[in-house]
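Just so you know, ligand 1 is whichever comes first in the structure, and atom 1 is the first atom listed for that ligand.
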Amino acid sequence: MHIHIFWDSLSPPGLQIPVTRQISSILGIPATVSENHVRMMGYVDGRKQIDAQVLLDSIQAYKHRHAIQDPILLVVHQDLFKNGNSFVFGLARQSVGAAVVSTARLSNEYYGRDGNDDDLIDRITKEGTHELGHLLGLDHCLDQECIMFKPDTLDELDRKKKVLCRMCREQLSGHLTSD
Ligand SMILES: [Zn+2]
Ligand SMILES: [Zn+2]
């Protein structure tokens, strides 16, 4: 298995290499990053947000067209929402191996604090690994420090460590070896 990360051209530049390296090391799966090839869809003018489900449709179509089985994670700079949620940090569709993460609410600047690339790398890594974890069959975890814990706020995201808890790690290795 191989993870493909697509980095939208307006996502924070210069961070894709460290993020990709860390995601790969947390999951223990090789990963490569490239510019985004997926058609950007789902932008809603009135909300200035992208409907994450529509964007996942677009990734799904791209995967189908190019017969790609491996998981794809798309990193975008636009804010995302899904039906019923005012925003989402990211979203995964396990059945088709497609996931998307937004950097919009991950920067310190969004909250009026001083920018910091290391914070941003940490958060994109955590969110990206979390959504990929879903694609690899993991559910949400109650351990607040585990990557698979579902954060509702930036503080909850920052509280997580860049690791899977022991239970999630064992579950993941079970899924990977049974394929
Ligand atoms: Zn989740
Ligand atoms: Zn866990």
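- Using bins of under 30°, 30° to 60° and over 60° for the plane-to-plane angle, the ring pair His4/His2 lands in the tilted bin.
- Taking the Zn ion (ligand 1) as the corner point, the angle from His130 atom NE2 to His134 atom NE2 is about 100° (rounded to 10 degrees).
- Note on ring orientation: taking the six-membered ring where Trp is involved, the planes of His66 and Tyr62 are tilted (angle from 30° to 60°).
- Between Lys160 and Glu156 there is no salt bridge, since no side-chain nitrogen of the basic residue lies less than 4.0 Å from a carboxylate oxygen of the acidic one.
- Within the structure, the ring pair (Phe, Tyr, Trp, His ring centres under 6.0 Å) test picks out no pair touching residues 147-168 (sequence neighbours left out).
- Each ring pair (Phe, Tyr, Trp, His ring centres under 6.0 Å) pair with one or both residues in residues 26-51, not counting sequence neighbours, appears once here: Phe6-His37.
- Residues satisfying the side chain to side chain contact (heavy atoms under 4.5 Å, CB included) test with Thr129, not counting sequence neighbours, are Ile23, Ile26, Leu27, Thr125, Ile147.
- Listed by chain and number, the protein N, O or S atoms at a distance under 2.8 Å from the Zn ion (ligand 2) are Cys141 SG, Cys146 SG, Cys165 SG, Cys168 SG.
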